[in-house]
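Heads up, the thing below is written out as structure tokens.
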Amino acid sequence: MITLYNTLAREKQEFKPITPGVVNMYVCGITVYDYCHIGHARMVTVFDMVSRWFRESGFQVNHVRNITDIDDKIIKRATENGEPIGALTERFVAAMNEDFDALGIIRPDHEPRATDHIDGMQSIISKLFDRGLAYSAPNGDVYYSVRKFQGYGKLSRKNLDDQRAGERVEIDTNKQDAADFVLWKHAKTDEPGEVKWASPWGAGRPGWHIECSAMACHHLGEHFDIHGGGEDLQFPHHENEIAQSEGAHGSQYVNYWLHNGFINVDNEKMSKSLGNFFIIRDVLAKYDAEVLRFFILRAHYRSPLNYSDVHLDDAKNALTRLYTTLKTVPAADVVIDWVEPHAARFKAAMNDDFATTEAVAVLFELALYANKHAASAEGAQAAGLLKALAKILGLLQRDPESYLQAGASNSEWTADKIEAAIIARKEARASKNWAESDRIRDELTAAGIVLEDTAQGTTWRRE
RNA sequence: GGCGGGGUAGCAAAAUGGUUAUGCCGCGGCCUGCAAAGCCGUUUACGCCGGUUCGAUUCCGACCCCCGCCUCCA
């Protein structure tokens, strides 16, 4: 039995699929106008982990993650760059895929793009008009009349009358109510033709929220199991999605809402204005992608996660321990026996709202056991189980030696040169010339290369 | 102002009414030519004040502090 924290209910609930054995899940993806940051990395890693666990648990998973390829920021950036919208978005879709692939994210089953679903959006807007929930404003925009939708605020638990409308942002006088949101934006004369679509309400382009209602409905139907995204999307985005989809279809939209916590820097939310913003590729230039994945998964998905080099160093050292174990103790081929105590605890943790923190702790306990029994079949079995369980989290699947020796490709110390130094040191040691052997080792240490003398000979790794 | 999340050892991060979380770092020991790795051990942990209880970090109440959403945002 899998339980998950449902934002809609504000409590953990047992997961009951609409169709037995099937999980239909929609996750809000990226707006492609810039490189993805580590907050995006957390979001996709978390829902990748969720998909993997459902699959491991025997479910058929339909994982949909959209790509927002039309919006104000995209238009602005394309204009600044003097390039077509399509060229800009294609470039950043490619960059996104590179980054996510590096993180070991399994591609979602569908990655719909907003611009391919304009018809679906218009269809929903028409239904909203039919039901009296949409109206055309004097300026040509189409708005959703929030107060006419009963249950508005049920996800974010916001009471319309308690909001301080207009306190931070000036109220658009075209709206009948400050809380109303745009469904369709009328075309502006200075906008390029590629952002204008014909519609019953005049040429224009969709509002932000409507795309997810349309794409989710297209791939998963009017009613599906899980909808995920970053916690900031809870309001207004997800609240508005509910209003649109349930308003248009007259039935429940989503059973379980999952929201991942943010990555913070110095305990504050990352934001460009604070200048504490980190894009994935900059981090990957400094740290192995698996370190970043491990860093994300060792925390619980709903907790805030502080980012800094110190924390990544910590994660890196911890991951090195695991890989070192697998290097030292050959992993046996293991079919997971879920009754085995470690495996059972791993499963119980994952079933409990994806408690990867506890699952990772089990990994370390297996490493300890494997190290203690390194020479025996028990040890190989434990190492094998460690690797098998880690696979579910998308971790520890590389050749340990390769992982430990990776990086520093720009170093003058190539593998060949290191091997040569090790041979020279071996000769010095054979003649008990400790001064020379230590000199060689110190030289390597200074270059960030650690030597380890074992019964089977000397091995090396990069720090 | 409304709504929500949180304060755990040097750092990071979980669970839990009484029993070792886990990892990193530091320190001591074993091992080693010396190291590294590994193993063993180790550093007054639970924001503050009351209450319930045989017993609370863990439940209840008050208080202090931090963070998020209420605007585009993962």
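Just so you know, these numbers come straight off a predicted model, no measurement behind them. Naming convention: chains lettered A, B, ... in sequence-line order (proteins, then strands); numbering from 1 in each chain. In what follows, every heavy atom counts, from backbone to side chain, and hydrogens, waters and symmetry copies are set aside.
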Contact summary for F278(A) and M270(A), nearest pair of heavy atoms: N-SD, 3.8 Å
Sugar-phosphate, base or nothing in reach of D71(A), heavy atoms under 4.0 Å: nothing
Between N or O atoms, less than 3.5 Å apart, protein on one side and nucleotides 37-40 of chain B on the other: list the pairs.
| residue | atom | partner | partner atom | Å |
| --- | --- | --- | --- | --- |
| A37(B) | O4' | E452(A) | OE2 | 3.3 |
| G38(B) | O3' | N371(A) | OD1 | 3.3 |
| C39(B) | OP1 | R321(A) | NH2 | 3.2 |
| C39(B) | OP1 | N371(A) | OD1 | 3.4 |
| C39(B) | OP2 | R321(A) | NH1 | 3.1 |
| C40(B) | OP1 | K372(A) | NZ | 2.8 |

D352(A) vs D438(A), nearer the 5' end of RNA chain B by closest nucleotide: D352(A)
Sugar-phosphate only, base, or nothing, as touched by A318(A) at under 4.0 Å among non-hydrogen atoms: sugar-phosphate
Distance-only donor-acceptor test, R302(A) side-chain atoms vs G5(B) base atoms, 3.5 Å: no
Pairwise P distance for G61(B) and G10(B), with rounding to whole Å: 30 Å
Separation between the P atoms of C48(B) and C11(B), rounded to whole Å: 15 Å
Nucleotide nearest F262(A) when distance is taken to its side chain, options A35(B), C72(B), A74(B): A74(B)
Given N351(A), I226(A), N6(A), T3(A), the one that forms side chain to side chain contact (heavy atoms under 4.5 Å, CB included) with F15(A): I226(A)
Pair of N/O donor and acceptor under 3.5 Å linking A13(B) base with H300(A) side chain: no
Side-chain donor-acceptor pair present, Y35(A), D282(A), cut-off under 3.5 Å: no
Nearest to side-chain heavy atoms of L233(A), which nucleotide of C67(B), G33(B), A74(B): A74(B)
Sugar-phosphate only, base, or nothing, as touched by G153(A) at under 4.0 Å among non-hydrogen atoms: nothing
Secondary-structure string, 5' to 3', Watson-Crick or G-U under 3.5 Å, | for another-strand partners, for RNA chain B: (((((((..(((.....[...))).(((((.......)))))....(.(((..]....))).))))))))....
Nearest atoms (heavy-atom pairs only) where C36(A) meets M96(A): SG-CG, 3.8 Å
Aromatic ring proximity, centroids under 6.0 angstrom, H37(A) and F277(A): yes
Donor-acceptor pair (no angle test) under 3.5 Å: R298(A) side chain, A13(B) base: no
Non-hydrogen side-chain atoms of R429(A) and W434(A) separated by less than 4.5 Å: yes
Whole-Å distance separating the CG atom of D442(A) from the P atom of A36(B): 12 Å
Interatomic distance where CZ belongs to F346(A) and P belongs to A15(B) [whole Å]: 16 Å
Residue H40(A), side-chain heavy atoms: nucleotide from C70(B), A74(B), C34(B) that is nearest: A74(B)
Sugar-phosphate, base or nothing in reach of T459(A), heavy atoms under 4.0 Å: nothing
H311(A) side-chain proximity, nearest of C11(B), G23(B), A74(B): C11(B)
Gap between atoms CD1 and P, on I105(A) and A74(B) respectively (whole Å): 16 Å
Quiz item: N306(A) side-chain donor-acceptor pair to C67(B) base, under 3.5 Å: no
Nucleotide of G5(B), A74(B), A35(B) approaching I263(A) most closely (side-chain heavy atoms): A74(B)
Short side-chain donor-acceptor distance under 3.5 Å, S156(A) and Q234(A): no
Contacts of S402(A) that satisfy side chain to side chain donor-acceptor pair (under 3.5 Å) - sequence neighbours left out: D399(A)
Neighbour count above 12 (heavy atom, 6.0 Å) for K196(A) NZ: yes
Sugar-phosphate, base or nothing in reach of G39(A), heavy atoms under 4.0 Å: base
Touch class at under 4.0 angstrom, heavy-atom based, for K327(A) against every strand present: nothing
Touch class at under 4.0 angstrom, heavy-atom based, for R425(A) against every strand present: base
Candidate nucleotides A14(B), C69(B), C11(B), ranked by approach to the side chain of D314(A) - the nearest: C11(B)
First of P304(A) and N267(A) reached from the 5' end of RNA chain B, by closest nucleotide: P304(A)
R398(A) and E290(A), any side-chain heavy atoms less than 4.5 Å apart: yes
Distance-only donor-acceptor test (3.5 Å): side chain K316(A), base C24(B): no
Distance-only donor-acceptor test, D232(A) side-chain atoms vs G68(B) base atoms, 3.5 Å: no
Separation of U32(B) C1' from K426(A) NZ (nearest whole Å): 17 Å
Side chain of E231(A) (C-beta onward), nearest among G68(B), G2(B), A74(B): G68(B)
Interatomic distance at C1', U57(B) relative to C49(B), whole Å: 15 Å
Short side-chain N/O contact from S303(A) to OP1 or OP2 of A14(B), under 4.0 Å: yes
Candidates A14(B), U22(B), C69(B) - which lies nearest the side chain of T357(A): A14(B)
No-hydrogen, no-angle side-chain donor-acceptor test under 3.5 Å, D313(A) and Y287(A): yes
